[in-house]
**Student:** 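Structure below; questions to follow.
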Amino acid sequence: MSKEEIEATESAAEETTPKKRTMDEATGEEIEIDLNQSAPLSKKQKRLLRKGKLDLAKLEKKNPKPKPANIEETESSEEKEKKPERIGVWIGNLSFDTTKDDLIRFITNKTTDLPEFSTDLKETEPCQINEKDFVRINLPMQHQSKKIKGFAYIDFPTKNHQSSVIQLSEQHLNGRNLLIKNSSSFEGRPSKEDAPLSKNPPSRILFVGNLSFDTTNELLTQHFQHCGDIIKIRMATFEDTGKCKGFAFLDFKDEEGPTKALKDKSCRKLMQRNLRLEYGEDRSKRTPKNLVRKPEQQQEESSSSSYNEPTNAAAVETFEKPAPVYRERQNKPKRTFNNSDRKPERPKSSVALAGAQRQSAAIVKSTGKKITF
């Protein structure tokens, strides 16, 4: 190749390579940075290179050059094309003591009556399964107890083998009914839309937690004003500084405001912090304790008000309200005690020691014998 061709290829490569323009802080001029070039050596690495203590080959392996974006896209598309579609089943509700041999034995024994696999069979027609037909058996294990998690993935070469294993659902293995379905199907999973927005019942009050200490009422109004009309903001603050304690309650006009805030993803972050949003308790719907009546009181009131009031005017004058009925105490016999069964009382210490013989305070000469060994 001539010099002109080499220069042309280099210029074309420079045009294709992605570059980034930044401002130099010292001079204030624009600088072009080639994103495909490797990072330059530091002062320490240059010093080691002069002394011959740095190996550039090892350094390139540790810090390889970044690949251009176009190449990454082509590689990812090629990998997707190369990956074959997995044909397998998911087996759930397994006993924790189940092993790979148990699964192989169970499937092979249950499919012995089926016809052997051949190209004449339809795509979903079941066939007999042997040990060589198991492509992969994955039993996820628990880290602490070193037992299986209760489910397994098994891959097969064809869809005929897959359909024959799916037919074995609700069969017994180690005393448990197995649940078998296609590993690539996710039917029956609860969708995110069906999940409840909050643990608390819906109300017109929104609880906002994990707030920054620098949060103010104006920031909260700006952040949630698109959800609905905010009547009041009750933010917990410190007494000495007056800053936010980290949570607040927002009173909206109706329940649509908090529900819109819980559904909107833009409301979940404020001042680079992930907010905790939930329905708050509406205290206006509370019933005071003095008005809460027990079922016994309700029964007594209903029994006292169950009399028939007279309709005639003459009868109203002579009518007398029945006297309240009080519960009669059961006359239980009083407990009696036999004095003979009781233990005799102990005399007081002063009485017991009144007649005791007093010892002298003088030194008493010992009368013992000394024993020598």
Side-chain angles (χ1 to χ4, degrees), residues 61 64 67 71-201 262-263 265 268 274 278:
K61 285 182 181 179
K67 295 178 182 178
I71 294 169
E72 286 181 358
E73 288 176 2
T74 53
E75 283 182 356
S76 61
S77 60
E78 286 175 3
E79 285 177 0
K80 285 179 181 178
E81 290 176 0
K82 286 180 182 178
K83 281 184 179 178
E85 186 184 354
R86 276 188 175 176
I87 302 166
V89 295
W90 178 86
I91 303 176
N93 199 29
L94 289 170
S95 174
F96 294 133
D97 301 325
T98 308
T99 59
K100 291 182 180 180
D101 296 333
D102 293 339
L103 289 170
I104 293 167
R105 201 181 304 112
F106 169 76
I107 293 168
T108 51
N109 292 337
K110 292 287 182 180
T111 57
T112 50
D113 300 335
L114 297 173
E116 292 185 359
F117 174 73
S118 65
T119 55
D120 299 334
L121 294 172
K122 294 180 182 179
E123 191 177 358
T124 57
E125 192 173 350
C127 65
Q128 190 176 354
I129 298 174
N130 301 320
E131 290 187 12
K132 62 181 181 180
D133 297 328
F134 291 89
V135 177
R136 183 183 73 109
I137 300 173
N138 182 19
L139 278 166
M141 305 291 287
Q142 298 176 8
H143 295 292
Q144 296 178 351
S145 60
K146 294 183 180 180
K147 291 183 178 180
I148 67 167
K149 291 184 177 180
F151 60 92
Y153 291 96
I154 302 176
D155 294 345
F156 295 100
T158 61
K159 289 188 177 181
N160 302 96
H161 299 87
Q162 184 188 37
S163 59
S164 58
V165 176
I166 289 170
Q167 287 183 358
L168 302 177
S169 187
E170 299 297 331
Q171 297 283 337
H172 289 276
L173 177 63
N174 295 336
R176 297 179 75 90
N177 290 341
L178 301 184
L179 176 63
I180 305 172
K181 63 178 186 178
N182 191 345
S183 60
S184 59
S185 122
F186 301 101
E187 294 178 358
R189 282 189 178 183
S191 61
K192 291 182 179 180
E193 296 176 356
D194 299 335
L197 295 171
S198 175
K199 297 177 182 177
N200 303 328
L262 288 166
K263 290 178 181 178
K265 291 182 179 179
R268 296 178 186 175
N274 295 324
E278 284 185 5

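The basis for the numbers below is simple: all heavy atoms, side chains too, and nothing from hydrogens, waters or symmetry mates.
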**Student:** Between atom CG of N174 and atom CG of L94, what is the distance when rounded to the nearest 0.5 Å?
**Tutor:** 8.5 Å

**Student:** Sorted by first residue and then second, give each ring pair (Phe, Tyr, Trp, His ring centres under 6.0 Å) pair with at least one member in residues 94-127; sequence neighbours left out.
**Tutor:** F117-H161

**Student:** For S145, check side-chain hydrogen bond (donor to acceptor under 3.5 Å, both in side chains) against everything at least two apart and list the hits.
**Tutor:** Q142

**Student:** Does the side chain of I91 reach to within under 4.5 Å of the side chain of L173, using non-hydrogen atoms?
**Tutor:** no

**Student:** What residues form a side-chain hydrogen bond (donor to acceptor under 3.5 Å, both in side chains) with R176, not counting sequence neighbours?
**Tutor:** N93

**Student:** S169 and L179: side-chain contact (heavy atoms from CB on, under 4.5 Å), yes or no, with the steps?
**Tutor:** CA-CA 5 Å; S169 187; L179 176 63; 4.2 Å; yes

**Student:** With a 4.5 Å heavy-atom cut-off, do V165 and I154 have their side chains touching?
**Tutor:** no

**Student:** So which heavy atom on L103 is nearest to which on A152, and how close?
**Tutor:** CD1-CB, 4.1 Å

**Student:** For D155 and G88, work out which heavy atoms get closest and say how close.
**Tutor:** OD1-CA, 3.7 Å

**Student:** Mind checking the CZ-CG spacing from F151 to N138? Nearest 0.5 Å is all I need.
**Tutor:** 8.0 Å

**Student:** If you define the side chain from C-beta out and look only at heavy atoms, does anything of I107 sit under 4.5 Å from D133?
**Tutor:** no

**Student:** Would you give the length of the straight line joining atom CG of N160 to atom CD of E116, rounded to the nearest 0.5 angstrom?
**Tutor:** 13.0 Å

**Student:** Do L168 and T111 come close enough that some side-chain heavy atom pair is under 4.5 Å?
**Tutor:** yes

**Student:** Got a sec, which pairs hit ring pair (Phe, Tyr, Trp, His ring centres under 6.0 Å) with one end in residues 127-146, sequence neighbours left out?
**Tutor:** F134-F156

**Student:** Are side-chain heavy atoms of I104 and I137 found at a separation under 4.5 Å?
**Tutor:** yes

**Student:** Please tell me if the side chains of P140 and I148 come closer than 4.5 Å, counting only heavy atoms from C-beta onward.
**Tutor:** no

**Student:** Let me have the donor-acceptor pairs involving side chains of residues 123-132, under 3.5 Å, with sequence neighbours excluded, atom names and distances please.
**Tutor:**
unit_1 : atom_1 : unit_2 : atom_2 : d
E123   : OE2    : K159   : NZ     : 3.4
E125   : OE1    : K122   : N      : 3.3

**Student:** Got N274 and R268 here, is their nearest side-chain heavy-atom distance under 4.5 Å?
**Tutor:** no

**Student:** Tell me the closest heavy-atom pair linking N177 and H172, and the distance in Å.
**Tutor:** OD1-CE1, 2.8 Å

**Student:** With sequence neighbours excluded, what pairs up with N182 under the side chain to side chain contact (heavy atoms under 4.5 Å, CB included) test?
**Tutor:** Q162, I166, S184, S185

